[in-house]
Student: 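One structure follows; several queries about it will come next.
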Amino acid sequence: MVVLVVYWLWCVTAAWRPGIWLLVLPACLPFLNFSAWTGWLVFDEFDILLLGALAGGYGRLACSGRSATGTRMPAVFWWLMALLAGTALLALYRGFVDAGGFSFDWFAGYADALNSLRVFKSLGFALIFIPLLQHELAHARALANQRLATGIVAGLAVVTLAVVWERAAFPGLTDFSTNYRTAALFWEMHVGGAAIDAYLVLTTPFVVWALASARRPIVWAGAAALALLTGYACLTTFSRGVYLAVAVSLVLLGLLLWSQKSDFNLREFLGRVWRRHAPEGWRAKAGLMLVLALLAEAAVVGGGSFMAERLTSTDRDMDSRLAHWQHGLDLLDGPADWMLGKGLGRLPANYAAHVPQGEFSGDVKLRDEQKPGGAANGFVTVRGPATMKVLGAQYALTQRVSRVSKGPHRVALEVRVRNQTDVYLELCERHLLYDGSCQRAFVRVFPGRTAWQALTLPLGGPVLAGGAWYAPRLGMFSLSVGNAGGVADFDNIRLIGPHGKTLLENGEFSRGLAHWFPAAQAYFVPWHIDNLLLEVLIERGLAGLLLLAALMAYALWNLMVGRARSLPLSAYLAASLCGALWVGLVSSFMDAPRVAFLFYLLTLYSIQTAQKVE
C-alpha cells in the first residue's frame with residue numbers, strides 16, 4: 001500500500017512539474033534497487049520510478065488537449081531510432097526463442113527467458129522518453145541542462161558516500177592492500193561485472209561541471225569534497241579500466257572546454273596559460289590545492305600492495321581476457337547469429353552451456369510439488385558446479401539478516417538429495433562479494449530412508465560484532481552446494497538466534513523466492529564477456545553493433561563538431577560518453593540496466609540538445 005501511495009504521488013509530481021524527472025531519475029538511480037532484499041532480478045524499484053515519470057509526463061501532455069511542441073529532429077534521427085528499436089525488439093524475440101520460449105517468472109534468473117527483457121528495458125525505456133525529452137528541451141533548455149547535471153551530481157554523491165561506508169565497515173578506509181573491490185549499491189554485481197566502473201566513468205566529468213558552476217565558496221567546497229570522494233571511489237574499484245577511462249575522459253574534457261573558450265587557437269591558449277601562471281583569487285588557489293590533494297590521494301592509495309598486484313598482472317590478465325573473448329565469439333554459429341546475434345541476455349546461458357570449463361558455479365531454481373491431499377508445496381533446488389570441483393560453494397542462495405545477534409546461531413532445515421551432496425551454511429558480515437566475520441556449518445548429506453530429512457546444525461565461528469556504529473556491517477545468510485554435480489532440495493529453512501528468534505523471511509518458500517537472492521563469489525566468467533563491443537555483437541549481431549556505433553558517432557559528432565559543440569553542457573556529455581566507450585573496451589555494462597539506461601539517456605540527450613524548436 002505504501003508503495004502504491006508513493007507511486008501515485010510521484011506520478012502527480014511528474015505531471016505537475018514537467019521536466020523534474022530529469023533531476024529525479026539520475027539522482028535516484030544509484031540507490032533505487034533493493035534486489036538483495038526482494039529477490040527480484042528482472043524487475044526493480046527503479047523501473048517503478050521510470051514508469052511513474054512516463055505516466056506523469058504523458059498524462060500531462062494528454063490532458064493539455066493539444067500536440068506537444070518539441071525539437072525539430074532530422075529524418076535521419078527518426079530512421080536511426082526506428083532501426084534501433086526494430087533490431088532491439090528482434091534481439092528480444094531471438095532471446096525468447098533461444099531460451100525455449102517466453103515464460104513469466106517474477107524471480108527469473110540469468111538463464112531464463114526474462115533475462116532478455118531485463119537487458120532490453122534500458123534501451124526500451126530510453127526510447128520511450130524521447131518525446132518528453134524533446135518537449136523539455138524545446139521549452140526550457142537551460143533548466144533541463146541544470147536539472148540533468150544536478151541529478152547526476154546528486155546520484156554520484158550517493159555512490160561515493162556508499163563507497164565510504166562500505167570500506168569503513170569492511171576493509172577499512174585506509175586499507176589498500178586487502179583484496180576488496182568496492183561495489184557501492186550496485187547489486188547487479190552479485191555475479192561480478194562493471195556496473196560501478198561504468199557509472200563512475202559516466203558521471204565523473206560532471207564533478208568538474210559542479211566545480212565550474214559553483215558561484216559561492218561553500219558550494220565550491222562541497223563540489224571539491226565530492227571530487228575527492230569520487231577519486232577515492234574510482235581508485236578503490238582497483239580497476240585499471242576505470243583509471244584509464246577516467247583519465248581519458250578528463251583530458252578530453254579539458255581539451256573540449258579549452259576549445260570552447262579559445263576556438264582552437266593553441267598559441268593563444270599557451271599564452272593565456274603563461275600569463276596566468278601564478279594563481280590569483282580564491283578560486284584559482286583553491287583549485288590548485290584540490291589538484292594537489294587529488295594527486296596525494298592517488299599516491300597514497302596507489303601505494304597499497306593490492307594496487308601494485310593489479311597493475312603488475314596486466315599482461316597475464318590480458319592473455320586470459322583474449323581467450324575469454326575468443327570463446328565468446330565462438331558462440332556465434334552461422335550467418336544468422338553473426339548478423340542478428342544470439343538474442344538479448346543470452347550470453348551467460350550460452351557461454352555456460354557451450355564453452356569448455358565455462359560453466360556456472362551453481363544454480364538456484366524454485367520448484368513445487370503436490371502434497372498428499374492436493375496442496376502445493378514450494379521448495380528450492382540448489383546446485384553446485386556441474387563438473388569443476390574448484391567452483392564448489394561459490395554460488396549461494398542468500399538472504400539479508402537485519403537482526404544478527406552477538407551470540408551463537410543454528411540453522412534448522414529440511415533437505416532432500418538423490419546422491420551424496422556437500423551443503424555449506426554461513427552467516428556472515430557481508431556487503432555483497434566479500435565476507436567479514438562468519439559463522440559456518442558443513443554437512444555431507446546422503447540419501448535417507450525418507451525423502452526429506454530434517455536437520456538442525458549449529459553455526460560455529462566468531463561473534464558477529466556488527467561493525468562500528470558509524471559504519472554498521474550488513475548480515476547475510478547463505479546456503480550453497482560444494483561438490484561438483486551436487487544437487488539438493490531445501491525447504492522450511494530457519495535461522496535461529498541465541499534467544500530462539502527466527503531471523504529469516506519466507507523460509508518455507510510460500511512466496512516464491514521473495515527475500516532470497518542468488519549471489520556468486522570469486523568466479524564470474526560466464527556472466528560477462530568484458531567488452532562492450534563483443535557483448536553487443538554476440539547478443540545483437542553486426543546489425544546491432546553497427547547501429548550502436550552509428551548512434552554514438554551521431555551523438556559525439558553533434559557534441560564535438562556539430563551544432564552542440566558550443567553549448568555549456570556539451571563538453572561534459574562528450575567526455576562522459578567517450579569515457580564509457582573507453583571503459584567498454586575492457587568491460588561490459590549493457591547487462592546492468594540502470595547504468596545502461598543512463599548511458600542511453602545521455603546519448604539521446606546529446607543528439608537532441610542543439611536541435612531547433614518546431
Side-chain angles (χ1 to χ4, degrees), residues 26 71 73-81 83-84 87 122-123 126-127 129-130 133-134 137 141 144-145 148-149 152 197-209 241-242 244-264 531-537 540 542-590 595-612:
T71 52
M73 300 302 299
V76 65
F77 171 80
W78 296 113
W79 277 108
L80 182 56
M81 295 303 105
L83 290 171
L84 274 172
T87 54
S122 54
L123 176 59
L127 292 175
F129 270 101
I130 287 178
L133 186 56
Q134 284 185 290
L137 289 172
R141 193 185 307 270
N145 289 341
L148 178 65
I152 291 173
D197 299 18
Y199 180 83
L200 289 172
V201 171
L202 276 169
T203 55
T204 295
F206 289 90
V207 179
V208 180
W209 173 86
V242 170
L244 189 56
V246 168
V248 167
S249 66
L250 291 180
V251 169
L252 176 63
L253 176 59
L255 292 173
L256 292 175
L257 291 175
W258 161 74
S259 68
Q260 284 183 340
K261 294 181 178 180
S262 63
D263 198 22
F264 294 96
N531 184 283
L532 175 63
L533 303 181
L534 290 181
E535 180 183 27
V536 175
L537 175 62
R540 310 182 195 197
L542 283 170
L545 180 60
L546 291 175
L547 284 171
L548 178 64
L551 179 72
M552 299 312 302
Y554 192 176
L556 293 174
W557 177 273
N558 191 48
L559 293 172
M560 302 169 66
V561 181
R563 297 175 58 181
R565 66 184 182 277
S566 60
L567 297 181
L569 210 60
S570 295
Y572 305 100
L573 290 167
S576 173
L577 295 178
C578 285
L581 294 176
W582 193 272
V583 81
L585 295 177
V586 291
S587 302
S588 49
F589 56 84
M590 290 298 179
V595 179
F597 172 78
L598 181 61
F599 173 76
Y600 283 126
L601 179 65
L602 294 181
T603 302
L604 295 175
Y605 193 97
S606 300
I607 292 173
Q608 297 182 78
T609 186
Q611 301 303 318
K612 293 181 179 179

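The residues of the chain are indexed from 1 along the displayed sequence. It should be emphasised that the depicted structure is a prediction, and the values quoted were computed from it without experimental measurement.
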Student: Taking the side chain as everything from C-beta on, heavy atoms only, tell me whether Ile607 gets closer than 4.5 Å to Met73.
Tutor: yes
Student: Would you say Phe129 and Leu604 make side-chain contact, with heavy atoms under 4.5 Å?
Tutor: no
Student: Which pairs pass side chain to side chain donor-acceptor pair (under 3.5 Å) with one or both residues in residues 568-583, sequence neighbours excluded?
Tutor: none
Student: Report the distance from atom CG of Leu548 to atom CE of Met590, rounding to the nearest 0.5 Å.
Tutor: 5.0 Å
Student: Which residues pass the side chain to side chain donor-acceptor pair (under 3.5 Å) test with Asn145, not counting sequence neighbours?
Tutor: Tyr605
Student: side-chain contact (heavy atoms from CB on, under 4.5 Å), that's the test. Do Leu569 and Trp209 meet it? Break it down for me.
Tutor: CA-CA 8 Å; Leu569 210 60; Trp209 173 86; 3.8 Å; yes
Student: Is there side-chain contact between Leu581 and Phe599, with heavy atoms separated by less than 4.5 Å?
Tutor: yes
Student: Roughly how far, to the nearest 0.5 Å, is the CG atom of Leu250 from the SG atom of Cys578?
Tutor: 12.0 Å
Student: Should Leu202 and Val595 be marked as a side-chain contact (heavy atoms from CB on, under 4.5 Å) after you check the CA-CA gap, both sets of side-chain angles, and the distance that decides it?
Tutor: CA-CA 9 Å; Leu202 276 169; Val595 179; 4.1 Å; yes
Student: Side chains of Leu253 and Phe206, heavy atoms from C-beta outward: is any pair under 4.5 Å?
Tutor: no
Student: What residues form a side-chain contact (heavy atoms from CB on, under 4.5 Å) with Thr203, not counting sequence neighbours?
Tutor: Ile152, Leu156, Tyr199, Leu598
Student: If the condition is side-chain contact (heavy atoms from CB on, under 4.5 Å), which residues does Leu256 pass it with, not counting sequence neighbours?
Tutor: Leu252, Ser259, Met560, Ala571, Ala574
Student: Distance check, rounded to the nearest 0.5 Å: Leu546 atom CG versus Leu551 atom CG?
Tutor: 12.5 Å
Student: Do Ser587 side-chain atoms and Gly584 backbone N/O form a donor-acceptor pair below 3.5 Å?
Tutor: no
Student: Tell me the closest heavy-atom pair linking Leu123 and Leu84, and the distance in Å.
Tutor: CD2-O, 4.2 Å
Student: Just by modelled atom types, is the Leu133 backbone N or O under 3.5 Å from a matching donor or acceptor in the Gln608 side chain?
Tutor: no
Student: Work out which heavy atom in Thr609 is nearest to a heavy atom in Ala564; give both atom names and the distance.
Tutor: CG2-CB, 3.9 Å
Student: Compare all side-chain heavy atoms of Phe77 with those of Ile130 and state whether any distance is below 4.5 angstrom.
Tutor: yes
Student: For Leu545, give me all partners under side-chain contact (heavy atoms from CB on, under 4.5 Å), at least two apart in sequence or on another chain.
Tutor: Leu533, Val536, Leu537
Student: Any non-hydrogen side-chain atom of Gln260 less than 4.5 Å from a side-chain atom of Leu567?
Tutor: no
Student: Who pairs with Ser606 by side-chain contact (heavy atoms from CB on, under 4.5 Å), at least two apart in sequence or on another chain?
Tutor: Ala555, Leu559, Leu573, Leu577
Student: Do side-chain atoms of Asn531 reach the backbone of Leu585 as a donor and acceptor pair under 3.5 angstrom?
Tutor: yes
Student: Locate the shortest heavy-atom distance separating Ala245 from Val201; write the atom from each residue and the value.
Tutor: CB-CG2, 3.8 Å
Student: Under 4.5 Å between any side-chain heavy atoms of Leu602 and Leu148, yes or no?
Tutor: yes
